[in-house]
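A short write-up of the structure that comes next.
Given the structure is predicted, the values throughout are model-derived calculations rather than measurements.
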There are 2 protein chains.
Amino acid sequence: MSSESKSLLELLEASPISARFSDADRKALHSLPVSLRRYPPHTVVYNQGDPVRSVYIINSGWGCVYRDLPSGDRQIIDFPLRGDSVGLRMPAAFNYNTYASITEMSVFEISQYALNAIVLQSPYLSSGIMGLMARQRAFLIEHLTNLGRRNALVRTAHLLLEMGARTKSNGMGTEKGYSCPLTQYELADALGLTAIHVNRMLRELREQNLVAFRYGEVEFINRPALVRLANFDENYLAIGMFMGFATSQLD
Amino acid sequence: MSSESKSLLELLEASPISARFSDADRKALHSLPVSLRRYPPHTVVYNQGDPVRSVYIINSGWGCVYRDLPSGDRQIIDFPLRGDSVGLRMPAAFNYNTYASITEMSVFEISQYALNAIVLQSPYLSSGIMGLMARQRAFLIEHLTNLGRRNALVRTAHLLLEMGARTKSNGMGTEKGYSCPLTQYELADALGLTAIHVNRMLRELREQNLVAFRYGEVEFINRPALVRLANFDENYLAIGMFMGFATSQLD
DNA sequence: CGTTGCCTTGATTCTCTTCAACAGGGGTGG
DNA sequence: CCACCCCTGTTGAAGAGAATCAAGGCAACG
């Protein structure tokens with residue numbers, strides 16, 4: 001895979017988060033107990049029903065957050081990538097979804113307890129955390145819209161474009177394409193479709209010379225036409241960076 | 001309608017938020033410039049594309065947050081009720097969805113600018129804000145799962161149950177039912193269905209003696225059976241109250 | 001008293017699922 | 001080394017579920 005950071009600070013200052021810290025914030029961050037964890041492919045990080053203990057900032061690799069349903073289906077909520085956060089929610093609660101790796105994955109893990117402390121210390125950091133939450137929220141809303149009001153072809157196109165924009169913004173991909181380790185089953189679980197139908201939609205997109213997803217590579221063939229088909233708007237992804245509540249006082 | 005608060009403080013201390021403030025927090029809240037606004041039915045509060053200016057805490061009435069699509073369809077993201085928040089995201093950005101009233105609606109409006117200030121002043125309040133964001137996030141995830149992996153009947157049942165749990169938790173409804181001013185068109189836009197099909201699903205639910213939604217009233221006839229049909233789990237709604245990051249230090 | 005908004009129902013169409021079968025690659029064990 | 005299996009991808013045919021098209025109902029409102 002592409003870039004990977006050695007420290008949380010380095011990751012937060014890199015794209016897409018691009019935080020700019022004061023010395024005080026840096027100091028606070030240094031005192032924060034963080035562990036860099038590695039997970040092999042297809043390993044559960046936390047499970048639906050587990051108590052909430054930690055927050056994760058993804059450093060490298062692909063994973064997915066999903067909800068298992070009693071019917072045996074699952075709904076994939078998101079594929080968090082480098083620079084995304086997982087698990088920012090209330091403590092003293094239980095997880096109502098599962099987070100698992102897809103490829104080998106490295107993440108920075110911060111305990112809820114330590115996070116509480118830093119929220120008390122640095123308003124800039126807490127507003128940064130809100131920024132991360134807002135970013136995840138924007139992904140969710142787009143995903144929701146995708147499932148509710150777009151047909152299978154457009155929906156598939158849209159997801160490929162979204163992951164393209166996200167991989168580009170964190171250095172994992174380019175305008176032309178990106179490496180994507182997802183199976184058609186995983187795509188289907190995210191898109192609310194069957195893998196069989198996803199397969200047909202991918203073929204359709206390929207045959208229309210819009211985008212090819214084969215052998216773990218997404219290749220944009222005719223990006224403008226694909227963007228038009230999917231009515232894709234990159235702007236929603238730009239929001240929610242680290243320039244949080246606190247800094248906007250400068251306006 | 002049922003309860004309504006005269007001040008933001010009163011609203012925050014009431015169910016479902018149930019905040020407990022220190023004197024310092026109360027003071028900070030008192031200095032916060034808040035305006036109580038009323039909107040007539042079917043009025044836009046902010047529009048897709050407008051710059052972000054304010055955050056809203058709903059006091060009474062029904063509204064909806066939605067995204068308009070170029071196709072002319074729209075996807076309703078959420079129906080925020082008393083005690084819910086709208087617009088908590090990054091400043092210096094644009095809204096990528098619209099917030100409009102459905103019934104007459106009263107909301108507390110706080111400028112982003114003022115909110116920044118309070119985040120700097122009170123860590124407890126900022127963690128409370130994170131709590132509100134986490135709560136909205138839980139709604140989104142459930143809604144997403146609903147659209148992705150449940151059929152029309154179950155999906156409809158689930159939404160009626162969710163709004164039932166939410167109205168109950170903020171005093172607008174009871175175990176037996178609640179007043180619901182939504183049209184079948186609005187339900188359809190939330191559920192990713194056509195109004196015609198929603199109509200059929202409501203009839204089905206009524207004929208199976210599970211729940212009746214008629215004349216603006218949702219009446220749970222056989223709640224246990226309905227909960228079973230929809231695989232409804234109220235717990236996800238319980239998370240994300242005001243007992244935020246900061247307080248959990250007491251653990 | 002006609003219009004408008006919301007609800008209701010039937011008939012038809014089409015999107016997506018389900019069921020079924022097969023092909024290629026990678027690993028494993030006999 | 002090969003037989004076997006599992007996982008992923010691929011394709012076809014049948015069937016279900018929801019959309020679309022069409023029409024009529026009732027109540028509120030000017």
Side-chain angles (χ1 to χ4, degrees), chain A residues 40-42 62 64 69 71-76 100 102-103 146-160 179-207 211-219 229, chain B residues 40-42 62 64 69 71-76 100-103 146-160 179-208 211-219 229:
Chain A
H42 298 287
W62 287 65
C64 62
L69 300 183
S71 59
D73 304 320
R74 66 171 181 170
Q75 175 63 48
I76 292 183
I102 290 174
T103 64
N146 221 10
L147 294 184
R149 281 287 176 240
R150 295 201 255 253
N151 65 24
L153 187 72
V154 173
R155 215 186 288 179
T156 308
H158 199 280
L159 184 63
L160 294 178
S179 294
C180 177
L182 303 179
T183 66
Q184 294 179 357
Y185 287 87
E186 285 158 341
L187 280 182
D189 284 343
L191 292 169
L193 300 168
T194 57
I196 293 165
H197 205 59
V198 167
N199 181 291
R200 294 194 232 268
M201 295 303 103
L202 290 175
R203 171 152 55 98
E204 177 90 22
L205 291 170
R206 217 184 307 124
E207 286 173 353
V211 57
F213 176 26
R214 302 191 100 162
Y215 319 117
E217 294 292 325
V218 173
E219 185 193 345
L229 172 75
Chain B
H42 298 291
W62 287 65
C64 63
L69 299 183
S71 59
D73 302 321
R74 65 171 183 172
Q75 174 64 47
I76 292 182
S101 65
I102 290 175
T103 64
N146 220 9
L147 293 185
R149 281 286 175 243
R150 297 201 254 253
N151 65 26
L153 187 73
V154 174
R155 215 186 288 176
T156 308
H158 200 281
L159 183 63
L160 294 179
S179 295
C180 178
L182 303 179
T183 66
Q184 293 179 358
Y185 289 86
E186 285 158 343
L187 280 181
D189 284 342
L191 292 168
L193 300 167
T194 58
I196 294 165
H197 204 60
V198 167
N199 181 288
R200 292 195 233 270
M201 295 303 103
L202 290 175
R203 170 153 54 100
E204 177 91 25
L205 290 170
R206 216 182 310 125
E207 286 174 354
Q208 287 189 24
V211 58
F213 175 26
R214 303 191 100 165
Y215 320 115
E217 293 292 326
V218 173
E219 184 193 345
L229 170 75

Does [Y] offer a backbone N or O that forms a donor-acceptor pair with the side chain of [X] under 3.5 Å?
| X | Y | value |
| --- | --- | --- |
| A/Arg155 | A/Arg150 | yes |
| B/Ser101 | B/His42 | yes |
| A/Gln75 | A/Ala190 | yes |

Please report the interatomic distance [atom1]([X]) to [atom2]([Y]), rounded to the nearest 0.5 Å.
| X | Y | atom1 | atom2 | value |
| --- | --- | --- | --- | --- |
| A/Arg203 | A/Arg214 | CZ | CZ | 10.0 Å |
| B/Tyr185 | B/Ile196 | OH | CD1 | 7.0 Å |
| B/Leu187 | B/Leu193 | CG | CG | 9.5 Å |
| B/Leu153 | B/His197 | CG | NE2 | 8.5 Å |
| A/Ile102 | A/Thr183 | CD1 | OG1 | 7.5 Å |

Polar-atom pairs under 3.5 Å, protein N or O versus N or O of nucleotides 26-28 of chain C: list them with distances, or write none.
none

Can you give one letter per nucleotide of nucleotides 8-16 of chain C, going 5' to 3': B for a protein heavy atom under 4.0 Å from the base, S for sugar-phosphate only, - for none? BBBB----B
Side chains of B/Glu204 and B/Thr156: closer than 4.5 Å at any heavy-atom pair?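 B/Glu204 does not reach B/Thr156 side chain to side chain.
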Does some side-chain heavy atom of B/Glu186 sit less than 4.5 Å from a side-chain heavy atom of B/Ile76?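 When only atoms from C-beta onward are counted, B/Glu186 and B/Ile76 do touch, with a gap below 4.5 Å.
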Interatomic distance, [X] [atom1] vs [N] [atom2] [rounded to whole Å]:
| X | N | atom1 | atom2 | result |
| --- | --- | --- | --- | --- |
| B/Leu187 | C/dG5 | CG | P | 19 Å |
| A/Leu182 | D/dC7 | CG | C1' | 16 Å |
| B/Asp189 | C/dC6 | CG | P | 12 Å |
| B/Ile102 | C/dC6 | CD1 | P | 11 Å |
| B/Asn146 | D/dA18 | CG | P | 12 Å |
| B/Leu191 | D/dG17 | CG | P | 17 Å |

Which atoms of nucleotides 24-28 of chain D (N or O only) lie under 3.5 Å from a protein N or O atom, and what are those distances?
none

Can we say A/Asp189 and B/Arg149 salt-bridge, meaning some charged N sits less than 4.0 Å from an Asp/Glu carboxylate O?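 Salt bridge: yes.
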